[in-house]
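Notes follow once the structure below has been shown.
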Amino acid sequence: MNLDIIIFFTYLLGMLGIGLYFTRSASASADHYLLGNRKIGAPVTAISMQSTSMSGFMFMGGPAQAFQEGWHALWYAIGDAGGSIVNLSVLGKRMRRLSQLLGALSPIEYLEKRFESFGIRVYGAIIAIIFLFAYAFAQFIAAGKALSAMSGFSYEWALILGVGVIVIYTVAGGYLAVAVSGFIQGIIMLIGVTAIGIMVLPKVGGLSGLNEQLAAIDPTYLSIWGKDLIYYGQWGVIIGAVLIYAIGYMGLPHVTVRHMSMQNANTTKNAIIWSAAFNQLFTFTPYILGLSAIVIMPVVSDPEMVIPELVYIFFPEILAAVLLSAIMAAIMSTCDSLLMQAGTTLSRDVYHRFINKKASHKQLLLVSRLCILFGGIIGIIVATYEPPTVFALVVFAFGVLGNTFLVPFVASVYARKANKIGILCAMISGSVINIIWELFALQNASGLHPFLAGLIASLIAMFVGNQFGMPPSDPILEAYDLAKQSKEIPKNLEKGIFEDLAPEARNISKFIQNQDNTNSVERKDIEIEPEIGLRLEG
């Protein structure tokens, strides 16, 4: 076996070791397995959030788009560069607090409890399961392609090997293994893409030389409208391309769960700094490498493989294997999070909510692990047939998830009296319009990006739907008010699972009232009182 293959398989075994290391702690409770016991610090939160968000798309789909469309592809990078800052700033602190006050262990469960709606959980679970797995299948395809190119194995065997390792360490170690491996993989991604960029960009004369050579090949490569001016005058397409990553992350369950797992609300501030630094160093380089490939190797059989081909052109095989581990790191960091969240949705939001409400801790852990395992197996089978390109599948799944959940998540922490009718209308309208725009290729005819069309529909639907129905109950509104305060929440209120929250509802009311009257409350004044009615079914 070649030394470069040995290096790469050593990396895979290292990731597997992380999952096995956290197996015991993950089995301690559902909170441990699904959210890492809400003890994730700022660096791991930020970097794992970014590595999860960016995925194999940044090494395969994004460069391929730049290779095919020119500088127009950078609109996606511009939105991506600020996406984590927006996500953490808007949702981070408030969602962290409110999710724990409600005792929610999954983003879908959080929405049901925040808006007191059975229908929200049903529809949210259906969309999440379908499109999280679709997103994961895109990563499986990327994993098979990347590992096949690096190892020389057939696509099918490379797919089974690469995805198999991901499934095993996710099943074993739960959320904590996913978060820690995501942090490590994010660092590998940054080092890898930076090294490739440092080697490749000087070969095309830097950015100025690159632009001169692109203009000589086809001046429209430099246009903001794409090669051959395919999107000429379609500002709706450009705005959508920026927004899908600038704000779209706030609608991805496998990303927003990072807010719920943070050590505390104050973790948000440091996480913003970490993620902002990572984004500026990482985001633009893969696209620029795709542009550089137009000059260096204008004809390629598969545009999604331009970065692996560039690496093998400029680096010796051993070093190439090390650098290309960054591609697998990107793919693995998203695959595990997608599988983890899909398994959580199936176990927590379907099995526990609708099938076995009295399921024990051990039963929930077993169901979660089985869902992840079977989801991975099905994904491998589907990916062997190589459905649409990684770019197309990622953007489609990303858009539908974003347009289903973005408005509800933001409304949950900023729209105090948003009700279940408005939120359900927003979820249905956003997802349906995005799907219709994609299936019937309405982008060119309308001049609107599918994500932007879905976002507009979701906002309008929430506003209209909110005119009907009752506002949230008083205990939910009190929890909302408590979560948005800048002052520290007493531990006996912040800690707790939703089923145990009923005795605390009056405390929340007392705490807020005391804050209004004296502007300061000592924790000794907050006492656990008899049970009142802050309780939903399940």
Side-chain angles (χ1 to χ4, degrees), residues 31 34-50 52-53 82-107 109-111 113-115 175 179 183 246-279 405-418 472 476-498 501 504 507-508 511-512 515-516 519-521 523 526:
D31 211 11
L34 300 180
L35 288 178
N37 201 29
R38 302 185 196 261
K39 295 295 184 182
I40 309 299
V44 174
T45 293
I47 304 301
S48 69
M49 177 182 286
Q50 290 315 106
T52 292
S53 305
S84 64
I85 301 171
V86 174
N87 189 7
L88 285 162
S89 300
V90 173
L91 293 181
K93 183 177 291 188
R94 293 189 181 191
M95 189 171 177
R96 168 61 179 82
R97 285 178 163 177
L98 190 54
S99 68
Q100 188 160 12
L101 284 169
L102 299 179
L105 296 183
S106 80
E109 179 185 15
Y110 164 79
L111 288 177
K113 290 176 176 178
R114 167 63 177 88
F115 296 108
Y175 182 84
F183 172 78
I247 65 174
Y249 290 134
M250 292 188 291
L252 302 186
H254 64 289
V255 175
T256 55
V257 73
R258 261 64 183 179
H259 305 312
M260 299 169 63
S261 68
M262 289 190 294
Q263 191 168 14
N264 53 57
N266 294 328
T267 303
T268 304
K269 184 184 297 183
N270 289 333
I272 291 173
I273 296 173
W274 276 88
S275 63
F278 179 90
N279 275 11
F405 298 110
L406 190 157
V407 170
F409 282 138
V410 174
S412 74
V413 293
Y414 286 98
R416 187 173 186 270
K417 293 189 177 181
I476 293 295
L477 293 178
E478 289 166 352
Y480 170 93
D481 290 334
L482 184 58
K484 77 176 185 179
Q485 294 188 29
S486 59
K487 295 185 178 181
E488 185 177 357
I489 299 175
K491 295 297 183 184
N492 60 338
L493 291 184
E494 187 178 27
K495 183 67 178 174
I497 302 302
F498 184 80
L501 194 58
E504 298 173 353
N507 293 334
I508 295 174
F511 181 79
I512 295 172
Q515 289 275 38
D516 293 337
N519 203 30
S520 65
V521 174
R523 292 189 183 182
I526 308 298

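All values reported here derive from a predicted model rather than from experimental measurement.
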note = For Pro43 and Phe183 the tightest heavy-atom approach is O-CD1, 3.6 Å
note = Nearest heavy-atom approach of Ala276 to Ile85 is CB-CD1, 3.6 Å
query = Any sub-3.5 Å donor-acceptor pair from Tyr414's side-chain atoms to Val90's backbone N or O?
reply = yes
task = Report yes or no: does Asn270 contribute a side-chain atom to a donor-acceptor pair with the main-chain N or O of Ile273 at less than 3.5 Å?
result = no
ask   = Between Asn266 and Lys93, is a side-chain contact (heavy atoms from CB on, under 4.5 Å) present by the stated rule, with each step listed?
value = CA-CA 7 Å; Asn266 294 328; Lys93 183 177 291 188; 4.2 Å; yes
query = Can you tell me how far CZ of Arg114 sits from CG of Leu111, rounded to the nearest 0.5 angstrom?
reply = 9.5 Å
task = Say whether, by atom type as modelled, one donor and one acceptor occur between the side chain of Thr52 and the main chain of Met49 under 3.5 angstrom.
result = no
task = Taking Arg416 for its side chain and Ser412 for its backbone only, find out whether a donor-acceptor pair lies under 3.5 Å.
result = no
ask   = Going through the distances and angles, do Tyr110 and Leu98 end up as a side-chain contact (heavy atoms from CB on, under 4.5 Å)?
value = CA-CA 9 Å; Tyr110 164 79; Leu98 190 54; 3.5 Å; yes
task = Taking the side chain as every heavy atom from C-beta outward, state whether Phe409 and Leu91 have any atom pair closer than 4.5 Å.
result = yes
query = At what distance, to the nearest 0.5 angstrom, does OG of Ser53 lie from CG of Leu252?
reply = 7.0 Å
query = Hey, which of Arg96, Arg38, Arg97 is the one that makes side-chain contact (heavy atoms from CB on, under 4.5 Å) with Met260?
reply = Arg38
remark   = The reported gap from NE2 in His254 to OH in Tyr249 (rounded to nearest 0.5 angstrom) is 8.5 Å
request  = Taking all non-hydrogen atoms of both residues into account, name the closest pair between Val257 and Pro107 and its distance.
outcome  = CB-CG, 4.1 Å
query = Tell me, do Lys269 and Leu88 make a side-chain contact under 4.5 Å, heavy atoms counted?
reply = no
inquiry  = If you define the side chain from C-beta out and look only at heavy atoms, does anything of Tyr175 sit under 4.5 Å from Ser261?
reply    = yes
Working for side-chain contact (heavy atoms from CB on, under 4.5 Å), residues Asp481 and Lys484 = CA-CA 5 Å; Asp481 290 334; Lys484 77 176 185 179; 3.9 Å; yes
Verdict with supporting geometry, Ser48 and Arg258, side-chain contact (heavy atoms from CB on, under 4.5 Å) = CA-CA 8 Å; Ser48 69; Arg258 261 64 183 179; 3.5 Å; yes
query = Side-chain contact, heavy-atom cut-off 4.5 Å: Ser106 with Leu34?
reply = no
key: Nearest non-hydrogen partners of Thr45 and Ala271, listed with the distance   = CG2-CB, 4.4 Å
Test applied, side-chain contact (heavy atoms from CB on, under 4.5 Å); reference residue, Met250; option that passes from Val255, Val407, Leu406 = Leu406
request  = Drop me the distance from Leu102's CG to Met95's CE, to the nearest 0.5 angstrom.
outcome  = 10.0 Å
ask   = So, do Ile40 and Leu35 sit near enough that their side-chain heavy atoms are less than 4.5 Å apart?
value = no
request  = Taking all heavy atoms of Asn279 and all of Ser84, pick out the closest pair and write down the distance.
outcome  = ND2-OG, 3.1 Å
query = CG of Leu105 to CD of Gln100: how many Å apart, nearest 0.5 Å?
reply = 9.5 Å
